[in-house]
Amino acid sequence: MIAAIAGEQYGIVARRQLIQEGLGRGAIQSRVRRYGLHPLYPGVYAVGHRALGPRAREMAALLASGPGAVISHRSAGALWRIVDPDGEDVPVDVTLPRGAGRSRAGLTVHRTRDLASEDVRVLRRLPVTAPCRTLLDLAEVLSLRELESAYGNAIVRRLVSEAGLRRTLRNAVGRRGIGPLARLLNRQAGP
């Protein structure tokens with residue numbers, strides 16, 4: 001049963017999932033002591049070993065963050081392959097609805113009240129910000145040069161359009177990334 005859950009989640013399980021499947025707290029602790037479950041965050045485990053495969057860190061971050069969490073910012077940019085991955089020692093970026101979940105060590109938690117359903121996609125079984133929303137988020141944390149590169153990669157990969165980005169900007173109220181992304185779009189449009 002543990003292997004079945006982990007097989008669908010890049011080798012990661014959450015305590016709450018194991019309890020839902022009928023495993024008691026003592027049985028979970030026994031598996032942790034015998035090295036079958038390796039704690040990554042409180043209540044989130046790698047199954048069998050700590051050698052995490054691709055996307056396992058992101059899955060663990062989502063399970064640690066709780067319902068409504070999505071991969072965002074640089075982590076989403078890496079999943080969409082519009083920015084280079086940061087590496088294993090860099091915290092995973094997660095966006096949560098205001099008032100949901102909690103901060104955890106090893107995560108960079110962003111909170112929002114404006115994450116609409118069109119801002120979220122499922123990519124390789126992971127909820128992640130949609131490409132246009134990802135660029136808006138990246139506009140808050142990247143230099144203009146890095147943002148230009150991410151935008152160019154997204155255009156080449158046909159993940160975004162200028163019209164889609166302008167729609168995202170219209171719907172983003174009070175976000176710090178609005179200015180840099182709007183300047184970039186206006187520059188790309190030319191005179």
Side-chain angles (χ1 to χ4, degrees), residues 1-112 115 117 119-131 133-135 137-138 141-142 146 150 153-154 157 159:
M1 174 258 316
I2 295 172
I5 296 170
E8 293 293 315
Q9 299 180 157
Y10 302 105
I12 308 297
V13 296
R15 174 184 287 128
R16 67 180 175 273
Q17 294 172 315
L18 299 176
I19 290 171
Q20 282 178 327
E21 292 296 322
L23 207 59
R25 294 182 196 283
I28 294 169
Q29 283 308 105
S30 173
R31 282 166 176 80
V32 169
R33 282 191 303 275
R34 289 185 303 163
Y35 302 107
L37 295 177
H38 301 276
L40 300 173
Y41 299 104
V44 178
Y45 311 98
V47 177
H49 53 78
R50 285 190 180 270
L52 302 180
R55 295 176 286 287
R57 291 178 65 240
E58 291 84 358
M59 179 59 75
L62 290 167
L63 290 172
S65 298
V70 298
I71 302 298
S72 63
H73 293 74
R74 290 177 194 265
S75 299
L79 286 172
W80 288 114
R81 297 186 310 173
I82 59 175
V83 299
D84 290 330
D86 284 326
E88 291 184 24
D89 57 340
V90 176
V92 176
D93 286 296
V94 177
T95 292
L96 302 171
R98 288 212 193 278
R102 61 191 125 170
S103 296
R104 300 264 189 211
L107 301 179
T108 301
V109 175
H110 307 270
R111 302 220 182 252
T112 188
L115 194 61
S117 60
D119 290 334
V120 179
R121 299 283 185 281
V122 176
L123 179 65
R124 300 177 190 117
R125 297 188 314 248
L126 300 169
V128 60
T129 50
R133 174 61 185 245
T134 298
L135 282 171
D137 291 341
L138 287 172
V141 297
L142 297 180
E146 291 170 318
N153 291 335
R157 297 193 74 240
L159 295 172

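From a predicted model like this one, the values you see are computed outputs, not experimental measurements.
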Visitor: Any side-chain heavy atom of V90 sitting closer than 4.5 Å to one from R74?
Guide: no
Visitor: Output all residues satisfying side chain to side chain contact (heavy atoms under 4.5 Å, CB included) with A3, sequence neighbours left out; order by chain, then residue number.
Guide: none
Visitor: Quick one: CZ on R25 to CG on L18, what's the gap to the nearest 0.5 Å?
Guide: 11.0 Å
Visitor: Only counting residues at least two apart or in another chain, list the ones meeting side chain to side chain contact (heavy atoms under 4.5 Å, CB included) with A69.
Guide: L62, S65, V94, L96
Visitor: Which residue pairs pass the side-chain hydrogen bond (donor to acceptor under 3.5 Å, both in side chains) test with at least one member in residues 37-49, sequence neighbours excluded?
Guide: R15-Y45
Visitor: Could you give all pairs that pass the salt bridge (Lys or Arg N to Asp or Glu O under 4.0 Å) test and reach residues 119-129, with sequence neighbours left out?
Guide: D119-R133
Visitor: Can you measure from CZ (R55) to OH (Y10) and round to the nearest 0.5 angstrom?
Guide: 4.5 Å
Visitor: Testing the basics here: between P39 and L37, what is the closest heavy-atom pair and its distance to 0.1 Å?
Guide: CD-O, 3.6 Å
Visitor: Among all residues two or more places apart in sequence or in another chain, which pass the side chain to side chain contact (heavy atoms under 4.5 Å, CB included) test with V120?
Guide: V70, L115, P127
Visitor: For E146, enumerate each residue passing the side-chain hydrogen bond (donor to acceptor under 3.5 Å, both in side chains) test, keeping only those at least two apart in sequence or located in another chain.
Guide: S143
Visitor: Quick check for you: to the nearest 0.5 Å, what is the distance between E21 atom CD and Q17 atom CD?
Guide: 8.5 Å
Visitor: Applying side chain to side chain contact (heavy atoms under 4.5 Å, CB included), run through L52 and L40 and close with a yes or a no.
Guide: CA-CA 10 Å; L52 302 180; L40 300 173; 4.2 Å; yes
Visitor: Where is the tightest heavy-atom contact between T108 and P91, given as atom of each residue plus distance?
Guide: OG1-CB, 3.5 Å
Visitor: Mind checking side-chain hydrogen bond (donor to acceptor under 3.5 Å, both in side chains) for S75 and listing every partner two or more places apart, or none if nothing turns up?
Guide: none
Visitor: Would you please test V109 and T95 for side chain to side chain contact (heavy atoms under 4.5 Å, CB included) and show each step?
Guide: CA-CA 6 Å; V109 175; T95 292; over 6 Å; no
Visitor: Start with the C-alpha distance between N153 and V83, add both sets of side-chain angles, then the distance that settles side chain to side chain contact (heavy atoms under 4.5 Å, CB included), and finish with yes or no.
Guide: CA-CA 8 Å; N153 291 335; V83 299; over 6 Å; no
Visitor: Identify the two heavy atoms, one from I12 and one from A46, that lie closest to each other, and give their separation to 0.1 Å.
Guide: CD1-CA, 4.0 Å
Visitor: In this structure, which one of T134, D93, V92 forms a side-chain contact (heavy atoms from CB on, under 4.5 Å) with I71?
Guide: V92
Visitor: Please examine the side chains of R31 and V47, heavy atoms only from C-beta on, and report whether any two atoms are closer than 4.5 Å.
Guide: no
Visitor: Restricting to pairs with a member in residues 56-86, which pass ring pair (Phe, Tyr, Trp, His ring centres under 6.0 Å), not counting sequence neighbours?
Guide: H73-H110
Visitor: I'd like to know whether V128 forms a side chain to side chain contact (heavy atoms under 4.5 Å, CB included) with V122, so could you lay out the CA-CA distance, the side-chain angles of the two residues, the decisive distance to 0.1 Å, and finally the verdict.
Guide: CA-CA 6 Å; V128 60; V122 176; over 6 Å; no
Visitor: Heavy-atom count check: over 12 atoms from other residues, nucleotides or ligands less than 6.0 Å from R81 CZ?
Guide: no
